Amino acid sequence: MERLEILCRVLGYSYQEKLEDIGLVPGQEADKDTAEVLAKQVELLEVTITARFKKLQALGVKLKTLWEFHNTPPKEIVKFAEVLICVDAVSASEMSGEKSLSLGAITKVTEEIAYLENRKAIKLKNKYLNKRNKLLKMIQENHQLPAEFNYDPQKKVTSDFPEEVAKLKPIMERVKVQALDRKEIVMRTEVVLESVKQPSCAKTTERLLRALKDRVANEAEFLFDGKDIKVVLNEIQVETKPENAKLPLEKRASSRLRDHQNTKEVTVELPDLPPTPYPSGVRSGHRSQRNLTWGNKPSK
């Protein structure tokens, strides 16, 4: 009867009800038939407690992994202290907490696992989307297209987010490497495009454009927003001819220039930067002051 009481406490059953079902009264000795019924009942409960122990232990291992993934604080884990005890236990006989192997305890753990798995899925999806958006931004800033890296941004990803993130990493490395190789030409092209938008800078634009065309003349292949850089520069040169320069930009601009004009800048939150190497007053001062600052004599 003592074993029956322990089993009932751990499994969450009413000890008194089990005795009544068997036909036993506390403090009275059981006859032979009643003793056999008691033995069978204990045997049945032993099977039940072993099965629940194995189930809770498996759930506990899963729950522990989710805790590690989410960096769950101790104040939340302590609510499932019996689960940790179960994970560390060798057999069901080590479980003595009240209702520690009850159906309610197993249900509670199952629901917690479902909740944490849902949160994990959201975190993994957000991580993938952030990585994907970062890649697309890098490609855009580099004036390239995803197709140049055999990447399809329209591909729908609904699962296996860690695997998809792993696929993005080598692409990002390639973009970084190419960004360094392309930096000079991309920067100069962007400067030319900005200069075109300012009518007063026509002569400056012409000089910048001529220098850039000389620089890319020997480039075997250099795509700028999906178009050969030589074609882009030729289009800009046509747009900036004197007979076209008098027209409003929106009327004279090719698709290349209109695209650039309409491109929305992406706001990037930058960390605090160190102070500039020159006083702000000189930076915005007279040209002669700036020349003097950089070691040149002011023109007389």
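Everything quoted here is computed from the prediction, not taken from an experiment.
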*CG/D181 to CG/N142 distance, rounded to the nearest 0.5 angstrom?*
9.5 Å
*Approximate separation, where rounding is to 0.5 Å, of L19 CG and Q41 CD*: 10.0 Å
_Under the salt bridge (charged side-chain N to carboxylate O under 4.0 Å, His left out) definition, can you give me all pairs with a residue in residues 36-61, not counting sequence neighbours?_
R3-E46
*Tell me the salt bridge (charged side-chain N to carboxylate O under 4.0 Å, His left out) pairs involving residues 86-112, sequence neighbours left out?*
none
*Could you identify which residues cluster with V157, counting Ile, Leu, Val, Met, Phe, Trp and Tyr as linked when any side-chain heavy atoms lie under 4.5 Å apart, either directly or through a chain of such contacts?*
F69, L124, Y128, L129, L135, L136, M138, I139, F149, Y151, F161, V165, L168, I171, M172, V175
_Minimum heavy-atom distance between P153 and R132, given as atom pair plus value_ = O-NH2, 3.1 Å
_salt bridge (charged side-chain N to carboxylate O under 4.0 Å, His left out) contacts touching residues 166-179 (sequence neighbours left out)_ = E163-K167, E164-K167, E173-K176
*asked:* Can you list everything that forms a side-chain hydrogen bond (donor to acceptor under 3.5 Å, both in side chains) with S93? Sequence neighbours excluded, please.
replied: S91
*Would you say S195's side chain and V191's backbone share a donor-acceptor pair under 3.5 angstrom?*
no
_My understanding is that only residues two or more places apart in sequence, or in another chain, count here; which of them pass side chain to side chain contact (heavy atoms under 4.5 Å, CB included) with V231?_
K227, D228, E235
*asked:* I want to check something: taking the side chain as every heavy atom from C-beta on, are L212 and T189 in contact at a cut-off of under 4.5 Å?
replied: yes
*What about M187 and V196, same hydrophobic cluster or not, with Ile/Leu/Val/Met/Phe/Trp/Tyr joined at side-chain heavy-atom distances under 4.5 Å?*
yes
_If you count every heavy atom of other residues, nucleotides or ligands that lies below 6.0 Å from K64 atom NZ, does the total exceed 12?_
no
*Connected-component partners of L44 among ILVMFWY, side-chain separation under 4.5 Å*: none
*N234 side chain reached by V238 side chain, heavy atoms, under 4.5 Å*: no
*Evaluation steps, side chain to side chain contact (heavy atoms under 4.5 Å, CB included), between V109 and I106*: CA-CA 5 Å; V109 174; I106 291 176; 5.9 Å; no
*Report the residues that fulfil side chain to side chain contact (heavy atoms under 4.5 Å, CB included) with D152, sequence neighbours left out, ordered by chain and then residue number.*
Q154, K155
*Which value, rounded to the nearest 0.5 Å, describes the distance between M95 atom CE and I6 atom CD1?*
13.5 Å
*Considering only NZ, NE, NH1 and NH2 on the basic side and carboxylate oxygens on the acidic side, decide whether E194 and K197 come within less than 4.0 Å.*
yes
*Check side chain to side chain contact (heavy atoms under 4.5 Å, CB included) between P170 and all other residues, then give those that pass, not counting sequence neighbours.*
none
_ILVMFWY clustering at 4.5 Å (side-chain atoms), partners of L145_ = none
_Distance check, rounded to the nearest 0.5 Å: L59 atom CG versus T110 atom OG1?_
4.5 Å
*asked:* Using every non-hydrogen atom in the two residues, find where T72 and L66 come nearest and quote the distance to one decimal.
replied: OG1-O, 4.4 Å
*Heavy atoms only: give me the nearest L11-L101 pair and the separation to one decimal.*
CD2-O, 3.7 Å
*Distance from Q178 atom CD to L180 atom CG, nearest 0.5 Å?*
10.5 Å
*asked:* With clusters defined by side-chain heavy atoms of hydrophobic residues (ILVMFWY) lying less than 4.5 Å apart, directly or transitively, does L223 cluster with V186?
replied: no
*Does F222 have R182 sitting over its ring (NZ/CZ under 6.0 Å from centre, angle to axis within 45°)?*
yes
*Relative to the ring of W67, is the ring of F80 parallel (under 30°), tilted (30 to 60°) or perpendicular (over 60°)?*
tilted
*side chain to side chain contact (heavy atoms under 4.5 Å, CB included) against Q57, all qualifying residues, sequence neighbours excluded*: F53, C86
*Which value, rounded to the nearest 0.5 Å, describes the distance between H143 atom NE2 and I229 atom CD1?*
9.5 Å
*Scan for salt bridge (charged side-chain N to carboxylate O under 4.0 Å, His left out) pairs involving residues 207-224, sequence neighbours excluded, and state none if there are none.*
E184-R215, E206-R210
*Look at the side-chain heavy atoms of Ile, Leu, Val, Met, Phe, Trp and Tyr, link any pair under 4.5 Å apart, and say whether V83 and L103 land in one connected group.*
no
*Side-chain heavy atoms of I77 within contact of L84, under 4.5 Å*: yes
*Search all heavy atoms of C8 against all heavy atoms of L45 and return the closest pair with its distance.*
SG-CD1, 4.4 Å
